[in-house]
Peer 1: 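Here's a structure for you.
One-based numbering, in listed order, for ligands and for the atoms of each. Numbers for residues simply follow the sequence, beginning at 1. Here the structure is a predicted model, which means the values were calculated and not measured.
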Amino acid sequence: MMQIKKVGIVGLGTLGTQIAIQAAHYGYDVKGYDLDPEIFQQTIQKIRGMMKFLGKGPTMPVEEWEKAAQKVKLDKDMGETLKEADLVIEVVPENLELKRKIFTQIDALAPPEAILATNSSSIPISRIEGSTQRPEKCLNIHFYAPAISMNIVDVMGGTKTIPEAIETAKQFVRSISCIPLPVKKEILGFCFNSVWRAIKKQTLYMWAGGFVDFRDIDRAWMVFTGMNRGPFGLMDMVGLDVVYDIEMSYCNESKDPQDRPPQALKDMIDRKELGVKTGKGFYTYPHPEFVRPDFLQG
Ligand SMILES: NC(=O)c1ccc[n+]([C@@H]2O[C@H](COP(=O)([O-])OP(=O)(O)OC[C@H]3O[C@@H](n4cnc5c(N)ncnc54)[C@H](O)[C@@H]3O)[C@@H](O)[C@H]2O)c1
């Protein structure tokens with residue numbers, strides 16, 4: 001297995017910042033680069049707000065998380081970030097052309113033995129690996145949001161990824177206190193997003209078709225799983241526009257009209273009912289019904 005000591009993060013927005021801090025906390029020498037030099041600090045500020053809102057901090061004490069944030073070295077030049085990296089994680093926006101372009105740059109700047117990973121939510125590495133000279137070292141390492149507290153990470157290889165690269169990635173994931181979810185054969189949505197996607201598709205269908213009240217689905221889910229919100233509460237948290245876009249990308253991929261998200265969801269988005277971020281989605285915020293003690297009584 002390869003030894004990872006230095007980690008380069010390309011893209012320090014929502015997810016890149018969280019990944020960089022997680023790795024820095026667990027002793028890696030982390031360097032980060034973003035086109036926008038202010039974004040790392042701005043994102044930290046947003047994450048602090050998110051922690052407050054969720055009432056849930058990172059997996060380590062907040063003070064240690066803050067200390068780890070100071071350990072991440074920011075570079076103005078991507079070459080500086082990558083020149084000694086053992087592992088590079090690309091965390092730029094979800095756009096295939098952009099990712100391919102960035103991978104070509106990363107491939108040219110990182111040491112030849114470095115492993116190159118994408119945090120993409122939906123693009124399998126097999127579509128990106130060809131833009132590098134080292135497809136055998138390329139893979140998907142996909143963190144779930146919010147990465148500060150959701151410690152599951154998909155690991156999926158491409159068409160040429162060598163087992164050593166997969167094993168090294170899994171070991172890296174474990175070493176930062178996360179659970180690797182190896183995907184043995186390429187599947188859209190990786191391990192857990194595929195499951196979550198099936199839940200979203202069925203529950204949206206049941207709601208939009210008028211079969212049941214969405215609150216009853218959430219009640220049943222909360223009792224069944226012991227969670228503090230159901231699928232509709234979760235979708236409100238993610239943002240209904242984000243949910244819609246993700247469902248559309250699955251639909252565009254399969255070309256199956258049954259995969260198209262319901263029009264009723266699109267109507268909510270058009271009315272700016274996007275969930276927690278606009279104060280209204282399936283529920284009304286900041287005091288959604290499902291937090292009331294009598295919610296589970298129906
Ligand atoms: N946000 C989520 O919930 C989530 C969850 C899991 C995976 N992801 C995936 O992570 C990736 C990033 O998502 P995000 O939400 O962090 O996006 P984001 O928009 O918050 O951050 C992306 C960052 O990349 C930077 N960037 C753009 N072009 C660049 C370039 N050429 N060089 C360097 N930096 C560049 C931007 O300035 C921005 O700061 C996407 O592939 C997304 O699918 C996101």
Side-chain angles (χ1 to χ4, degrees), residues 8-23 31-47 49-50 53-54 72 74-82 85 88-110 116-125 127-128 131 138-156 173 178 181 183 188-197 200 234-250 253 274-277:
I9 307 284
V10 178
L12 294 168
T14 314
L15 259 282
T17 292
Q18 296 179 62
I19 298 168
I21 296 175
Q22 186 82 11
K31 291 181 153 202
Y33 168 77
D34 196 293
L35 284 180
D36 177 352
E38 310 294 327
I39 198 74
F40 184 67
Q41 288 308 331
Q42 287 170 4
T43 308
I44 288 177
Q45 205 45 44
K46 276 196 204 148
I47 297 169
M50 182 180 76
F53 172 75
L54 292 176
V72 176
L74 305 179
D75 294 307
K76 292 203 173 72
D77 169 23
M78 185 154 73
E80 204 44 53
T81 301
L82 304 183
V88 181
I89 307 180
E90 164 278 304
V91 205
V92 303
E94 191 73 343
N95 173 304
L96 177 60
E97 277 328 299
L98 173 64
K99 300 229 185 236
R100 286 181 62 88
K101 202 179 104 206
I102 291 272
F103 259 72
T104 303
Q105 291 174 12
I106 293 173
D107 188 37
L109 296 168
L116 312 186
T118 175
N119 187 55
S120 169
S121 308
S122 65
I123 307 170
I125 193 70
R127 307 220 179 132
I128 305 175
S131 58
C138 293
L139 42 70
N140 291 90
I141 298 185
H142 169 252
F143 287 77
Y144 285 75
I148 51 160
S149 56
M150 189 91 79
N151 67 338
I152 47 175
V153 180
D154 296 301
V155 176
M156 184 171 92
V173 168
C178 292
L181 306 174
V183 179
L188 214 60
F190 313 115
C191 176
F192 193 68
N193 262 350
S194 292
V195 174
W196 171 225
R197 191 253 166 152
K200 280 184 292 188
L234 284 166
M235 287 190 265
D236 271 356
M237 198 164 83
V238 171
L240 300 186
D241 50 341
V242 176
V243 170
Y244 185 85
D245 288 347
I246 293 171
E247 293 313 292
M248 278 311 293
S249 72
Y250 281 115
E253 188 69 28
L274 306 183
V276 178
K277 61 187 166 191

Peer 1: Once you restrict to heavy atoms under 4.0 Å, what part of I102 touches ligand 1? Side chain, backbone, both or neither.
Peer 2: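 The side chain, only.
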Peer 1: For atom 19 (O) of ligand 1, what is the nearest protein heavy atom, given as residue, atom name and distance?
Peer 2: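 Atom 19 (O) of ligand 1 sits closest to the protein heavy atom P93 CG, 4.3 Å.
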Peer 1: Of the side chain and backbone of I39, name the one, both, or neither that has a heavy atom under 4.0 Å from an atom of ligand 1.
Peer 2: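 Looking at I39 and ligand 1, just side chain atoms fall under 4.0 Å.
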Peer 1: Can you check whether H142 reaches N193 side chain to side chain, under 4.5 Å on heavy atoms?
Peer 2: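 In contact.
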Peer 1: Please state which part of K99 comes within less than 4.0 Å of ligand 1, counting heavy atoms only: side chain, backbone, both or neither.
Peer 2: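 K99 to ligand 1: side-chain contact only, backbone stays beyond 4.0 Å.
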Peer 1: Find out whether F40 and T43 are in side-chain contact, i.e. whether some heavy atom of one side chain is under 4.5 Å from a heavy atom of the other.
Peer 2: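 Side-chain contact under 4.5 Å: no.
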Peer 1: Among all protein heavy atoms, pick the one closest to atom 3 (O) of ligand 1 and tell me residue, atom and distance.
Peer 2: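 It is A145 CB, 3.2 Å.
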Peer 1: Please work out, at 4.0 Å between heavy atoms, whether the side chain, the backbone, both, or neither of H142 comes within that distance of ligand 1.
Peer 2: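 Contact part for H142 vs ligand 1: side chain (C-beta onward).
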Peer 1: Under 3.5 Å, is there a donor-acceptor pair between the side chain of D34 and the main chain of L12?
Peer 2: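 Indeed, once roles are kept as given, a pair shorter than 3.5 Å links the two residues.
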Peer 1: For G11, counting its heavy atoms only, list the atoms of ligand 1 lying under 4.0 Å from any of them.
Peer 2: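 Answer for ligand 1: 24 (O), 34 (N).
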Peer 1: Considering I9, L35, I19, V238 one by one, which has a heavy atom nearer to atom 28 (N) of ligand 1 than any of the others?
Peer 2: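 Looking at heavy atoms only, the winner is L35.
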Peer 1: Check side-chain contact (heavy atoms from CB on, under 4.5 Å) between D75 and all other residues, then give those that pass, not counting sequence neighbours.
Peer 2: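 If we apply the side-chain contact (heavy atoms from CB on, under 4.5 Å) test to D75, skipping adjacent residues, the hits are K31, E80, T81.
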Peer 1: Determine whether E38 and K76 satisfy the following criterion, salt bridge (charged side-chain N to carboxylate O under 4.0 Å, His left out), listing intermediate values before the conclusion.
Peer 2: CA-CA 11 Å; E38 310 294 327; K76 292 203 173 72; over 6 Å; no
Peer 1: Could you find the nearest protein heavy atom to atom 10 (O) of ligand 1 and give me its residue, atom name and distance?
Peer 2: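 Protein heavy atom at minimum distance: N119 ND2, 3.0 Å.
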Peer 1: Do any nitrogen or oxygen atoms of E94 come within less than 3.5 Å of a nitrogen or oxygen of ligand 1?
Peer 2: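 Yes.
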Peer 1: Within the side chain of T17, is there an N or O that forms a donor-acceptor pair under 3.5 Å with the backbone of T14?
Peer 2: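 Such a contact is absent between T17 side chain and T14 backbone.
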Peer 1: Does only the side chain of F143 get under 4.0 Å from ligand 1, or the backbone, or both, or neither? Count heavy atoms.
Peer 2: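 It is the backbone that touches ligand 1; the side chain stays farther off.
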Peer 1: Could I get the full list of salt bridge (charged side-chain N to carboxylate O under 4.0 Å, His left out) partners for R100, not counting sequence neighbours?
Peer 2: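 Per chain and number, R100 pairs via salt bridge (charged side-chain N to carboxylate O under 4.0 Å, His left out) with no residue.
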Peer 1: CD/Q18 to CZ/F143 distance, rounded to the nearest 0.5 angstrom?
Peer 2: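 Rounded to the nearest 0.5 Å, the CD-CZ separation comes out at 10.0 Å.
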Peer 1: Just distances here: any N/O of S121 and N/O of ligand 1 closer than 3.5 Å?
Peer 2: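 S121 vs ligand 1: N/O contact under 3.5 Å present.
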Peer 1: Do D241 and K277 touch side chain to side chain, with heavy atoms closer than 4.5 Å?
Peer 2: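 They are in contact (side-chain heavy atoms under 4.5 Å apart), so the answer is yes.
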Peer 1: Quick check on contacts: which atoms of ligand 1 are under 4.0 angstrom from a heavy atom of G13?
Peer 2: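 Heavy-atom distances to G13 below 4.0 Å select 16 (O), 20 (O), 21 (O), 23 (C), 39 (O).
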Peer 1: Note the single closest protein heavy atom to atom 25 (C) of ligand 1, along with its residue, its atom name and the distance in Å.
Peer 2: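 Looking only at protein heavy atoms, the one closest to atom 25 (C) of ligand 1 is D34 OD2, 3.2 Å.
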Peer 1: Heavy-atom distance from atom 13 (O) of ligand 1 to the protein below 4.0 Å?
Peer 2: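 No, there is no protein heavy atom closer to it than 4.0 Å.
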Peer 1: Can you tell me how far apart CG (L116) and CD1 (I125) are? Round to the nearest 0.5 Å.
Peer 2: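 If we round to the nearest 0.5 Å, L116:CG and I125:CD1 are 8.0 Å apart.
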Peer 1: What residue and heavy atom of the protein are closest to atom 4 (C) of ligand 1, and at what distance?
Peer 2: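 The closest one turns out to be L15 CD2, 3.4 Å.
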Peer 1: How long is the span from the OG atom in S131 to the CG atom in D107, to the nearest 0.5 Å?
Peer 2: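 S131 atom OG to D107 atom CG measures 7.5 Å (nearest 0.5 Å).
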Peer 1: Closer than 4.0 Å to some heavy atom of Y33 - which atoms of ligand 1 meet that?
Peer 2: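 Once the distances to Y33 are compared, the set is 32 (N), 33 (C).
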Peer 1: Return a yes/no value for T14: is any of its N or O atoms, backbone included, closer than 3.5 angstrom to an N or O of ligand 1?
Peer 2: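 The answer is yes, given that T14 and ligand 1 share an N or O pair closer than 3.5 Å.
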Peer 1: I need the nearest protein heavy-atom contact for atom 35 (C) of ligand 1: residue, atom name and distance, please.
Peer 2: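 Answer, as residue, atom name and distance: V92 CG1, 3.6 Å.
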Peer 1: Verify, without hydrogens or angle tests, whether K99 (side chain) and V92 (backbone) share a donor-acceptor contact under 3.5 angstrom.
Peer 2: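 Looks like yes, one N/O pair under 3.5 Å.
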Peer 1: Any protein heavy atom at under 4.0 Å, with atom 39 (O) of ligand 1 as the reference point?
Peer 2: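 Within 4.0 Å of atom 39 (O) of ligand 1, protein heavy atoms are found.
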